Peer 1: 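Could you have a look at this structure, given as structure tokens, before my questions?
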Amino acid sequence: MFPEKAARFKGIRAGASASFFTAALGSIVSRTSARGAVHPRLSGHSLYLRHPVKGDFAQWVRLRTASAGFLKPWEPLWPRDDLTMRGYRRRLDQYRRDRKTGRALPYLIFDARDNRLLGGVNVSNIRRGICQTATIGYWMGENHAGQGNMSRALALLLPYLFDCQGLHRIEAACLPTNSASISVLKKSGFQLEGKARSYLCINGQWEDHLLFSALRSDVIMSVGF
């Protein structure tokens, strides 16, 4: 039986004998349609996550523009046309190709109360076969950071990845100086595994990264906010 604190997921009864994630997903996952394409929508904790669409551009560009100075130190260099419609369409095209081939699952994070865009999380480098592993990366708009939004978003996403996508292990990497991201990962059940030298090119510089991973059992035990 899983800990009683798991009951904080909407739809879970304390002490229920059903699988923690399977029961939670009944209230977390719904399906929405955009131009004939069906997308899983993950809802709960006053948030919802769904795949990006063309109609998100206005909100997306406003938030990314307003948060540029906050985000750029933690991200790869932005293409010169990144904040244009052309750049956004290129991004959407890549997302569609990656979803079709099963390589990635991109999501935007919205406030369910007013449909305001808060940030995004990308599930990439999905490996099947004997691995069943993926990597997550995420960003949060400057005005929405430090409020628990990313922790709540991962609480929706991780059960879906484990029980619906059948993944066994989720990996994440962050800069050693990014204390906010480290806190989010630990709160979400990720375990520190080590440090990789010159691991990713961030803001034009090759940077060391801390490597984290989460298994299904790690995430079950971490729920409690």
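The shown structure was predicted, so the numbers you read here are calculated from the model rather than taken from an experiment.
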Peer 1: My understanding is that only residues two or more places apart in sequence, or in another chain, count here; which of them pass side-chain hydrogen bond (donor to acceptor under 3.5 Å, both in side chains) with Gln191?
Peer 2: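 Here no residue qualifies.
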Peer 1: Can you sort out the partners of Tyr199 under ring pair (Phe, Tyr, Trp, His ring centres under 6.0 Å), two or more places apart, ordered by chain and number?
Peer 2: His209
Peer 1: With sequence neighbours left out, write down each residue that passes side-chain hydrogen bond (donor to acceptor under 3.5 Å, both in side chains) with Tyr95, or none if nothing qualifies.
Peer 2: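 With neighbours one apart ignored, the set is Arg91.
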Peer 1: Quick one: closest heavy-atom pair of Leu156 and Leu47, and the distance?
Peer 2: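 It is CD1-O, 4.1 Å.
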Peer 1: Once you round to the nearest 0.5 Å, how far does CG of Leu210 lie from NZ of Lys195?
Peer 2: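 Leu210 CG to Lys195 NZ: 7.0 Å, rounded to 0.5 Å.
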Peer 1: Looking only at non-hydrogen atoms, find the nearest pair between Pro159 and Ala155 and report the distance.
Peer 2: CD-O, 3.1 Å
Peer 1: For His144, enumerate each residue passing the ring pair (Phe, Tyr, Trp, His ring centres under 6.0 Å) test, keeping only those at least two apart in sequence or located in another chain.
Peer 2: none
Peer 1: Give, for atom CG of Leu154 and atom NE2 of His45, the distance between the pair rounded to the nearest 0.5 Å.
Peer 2: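 Answer rounded to 0.5 Å: 10.5 Å.
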Peer 1: Under the side-chain contact (heavy atoms from CB on, under 4.5 Å) criterion, do Arg86 and Arg89 qualify, and how do the steps go?
Peer 2: CA-CA 5 Å; Arg86 178 181 178 181; Arg89 284 174 176 161; 5.9 Å; no
Peer 1: Find out if a path of hydrophobic residues (ILVMFWY) with successive side-chain heavy-atom gaps under 4.5 Å connects Leu63 to Leu83.
Peer 2: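 Yes, Leu63 and Leu83 fall within the same hydrophobic cluster.
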Peer 1: How long is the straight-line distance from NZ of Lys72 back to CG of Leu77, given to the nearest 0.5 Å?
Peer 2: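 One gets 8.5 Å once the value is rounded to the nearest 0.5 Å.
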Peer 1: So, taking the atom named NE2 in His51 and the one named CG in Leu105, what distance separates them when rounded to the nearest 0.5 Å?
Peer 2: 5.5 Å
Peer 1: If a pair satisfies ring pair (Phe, Tyr, Trp, His ring centres under 6.0 Å) and one of its residues is in residues 61-85, list it, with sequence neighbours excluded.
Peer 2: none
Peer 1: Show me the donor-acceptor pairs, under 3.5 Å and distance only, between side chains in residues 171-185 and residues at least two apart or in other chains.
Peer 2:
{"unit_1": "Glu171", "atom_1": "OE1", "unit_2": "Arg127", "atom_2": "NH2", "d": "3.2"}
{"unit_1": "Glu171", "atom_1": "OE2", "unit_2": "Arg169", "atom_2": "NE", "d": "2.9"}
{"unit_1": "Glu171", "atom_1": "OE2", "unit_2": "Arg169", "atom_2": "NH2", "d": "3.4"}
{"unit_1": "Asn178", "atom_1": "OD1", "unit_2": "Ser181", "atom_2": "N", "d": "3.2"}
{"unit_1": "Ser181", "atom_1": "OG", "unit_2": "Tyr138", "atom_2": "OH", "d": "2.6"}

Peer 1: Is the closest side-chain heavy-atom distance between Leu167 and Ile126 below 4.5 Å?
Peer 2: yes
Peer 1: Quick one: which residue pairs count as a side chain to side chain donor-acceptor pair (under 3.5 Å) with a foot in residues 58-70, not counting sequence neighbours?
Peer 2: Arg64-Glu75
Peer 1: For Pro79, give me all partners under side-chain contact (heavy atoms from CB on, under 4.5 Å), at least two apart in sequence or on another chain.
Peer 2: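 Pro79 satisfies side-chain contact (heavy atoms from CB on, under 4.5 Å) with Asp81, Asp82, Arg90 only.
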Peer 1: Does Arg97 have any salt bridge (Lys or Arg N to Asp or Glu O under 4.0 Å) partners at least two apart in sequence or in another chain, and if so, which?
Peer 2: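 Listed in chain order: nothing, the list is empty.
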Peer 1: Sequence neighbours left out, cut at 3.5 Å: what donor-acceptor pairs do the side chains of residues 106-116 make with other protein atoms?
Peer 2:
{"unit_1": "Asp111", "atom_1": "OD1", "unit_2": "Arg113", "atom_2": "N", "d": "2.8"}
{"unit_1": "Asp111", "atom_1": "OD1", "unit_2": "Arg113", "atom_2": "NE", "d": "3.0"}
{"unit_1": "Asp111", "atom_1": "OD2", "unit_2": "Arg113", "atom_2": "NE", "d": "3.4"}
{"unit_1": "Asp111", "atom_1": "OD2", "unit_2": "Arg113", "atom_2": "NH2", "d": "2.8"}
{"unit_1": "Asp114", "atom_1": "OD1", "unit_2": "Arg116", "atom_2": "N", "d": "3.0"}
{"unit_1": "Asp114", "atom_1": "OD2", "unit_2": "Arg116", "atom_2": "NE", "d": "3.3"}
{"unit_1": "Asn115", "atom_1": "OD1", "unit_2": "Tyr48", "atom_2": "OH", "d": "2.8"}

Peer 1: Start with the C-alpha gap between Leu71 and Glu142, add the side-chain angles, then the distance that decides, and say whether side-chain contact (heavy atoms from CB on, under 4.5 Å) holds.
Peer 2: CA-CA 8 Å; Leu71 295 173; Glu142 184 172 11; over 6 Å; no
Peer 1: Output all residues satisfying side-chain hydrogen bond (donor to acceptor under 3.5 Å, both in side chains) with Asn122, sequence neighbours left out; order by chain, then residue number.
Peer 2: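 If we apply the side-chain hydrogen bond (donor to acceptor under 3.5 Å, both in side chains) test to Asn122, skipping adjacent residues, there are no hits.
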Peer 1: Please assess Leu215 against His168 for the test side-chain contact (heavy atoms from CB on, under 4.5 Å), listing each intermediate value before the final yes or no.
Peer 2: CA-CA 6 Å; Leu215 307 179; His168 170 70; 4.1 Å; yes
Peer 1: Would Leu117 and Asp56 satisfy side-chain contact (heavy atoms from CB on, under 4.5 Å), going step by step from the backbone distance to the final call?
Peer 2: CA-CA 8 Å; Leu117 178 63; Asp56 296 321; 5.9 Å; no
Peer 1: Using 0.5 Å steps for rounding, measure from the OG atom of Ser151 to the NZ atom of Lys186.
Peer 2: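 If we round to the nearest 0.5 Å, Ser151:OG and Lys186:NZ are 13.0 Å apart.
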Peer 1: Identify every side-chain donor-acceptor pair in residues 129-137 under 3.5 Å, counting partners at least two apart or on other chains, and give the distances.
Peer 2:
{"unit_1": "Gln132", "atom_1": "OE1", "unit_2": "Arg128", "atom_2": "NH1", "d": "2.9"}
{"unit_1": "Gln132", "atom_1": "NE2", "unit_2": "Gly129", "atom_2": "O", "d": "3.4"}
{"unit_1": "Thr133", "atom_1": "OG1", "unit_2": "Cys131", "atom_2": "O", "d": "2.9"}

Peer 1: Spell out, yes or no, whether Met150 and Trp139 are grouped together once hydrophobic residues are joined by side-chain heavy atoms under 4.5 Å, including indirect joins.
Peer 2: no
Peer 1: Is Leu200 reachable from Leu192 through a run of I, L, V, M, F, W or Y residues, each pair having side-chain heavy atoms under 4.5 Å apart?
Peer 2: no
Peer 1: Considering all heavy atoms of both residues, which atom of Ala214 and which atom of Gly189 are nearest to each other, and what is their separation?
Peer 2: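 Heavy-atom minimum between the residues: CB-O, 4.1 Å.
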Peer 1: What's the spacing between Leu49 CG and Arg152 CZ if we round to 0.5 Å?
Peer 2: 12.0 Å
Peer 1: Would you say Tyr88 and Leu118 are hydrophobically clustered, going by side-chain heavy atoms of ILVMFWY under 4.5 Å?
Peer 2: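 Unlinked, Tyr88 and Leu118 end up in two clusters.
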Peer 1: So if you build clusters from Ile, Leu, Val, Met, Phe, Trp, Tyr with side-chain heavy-atom gaps below 4.5 Å, do Val121 and Leu211 land together?
Peer 2: no
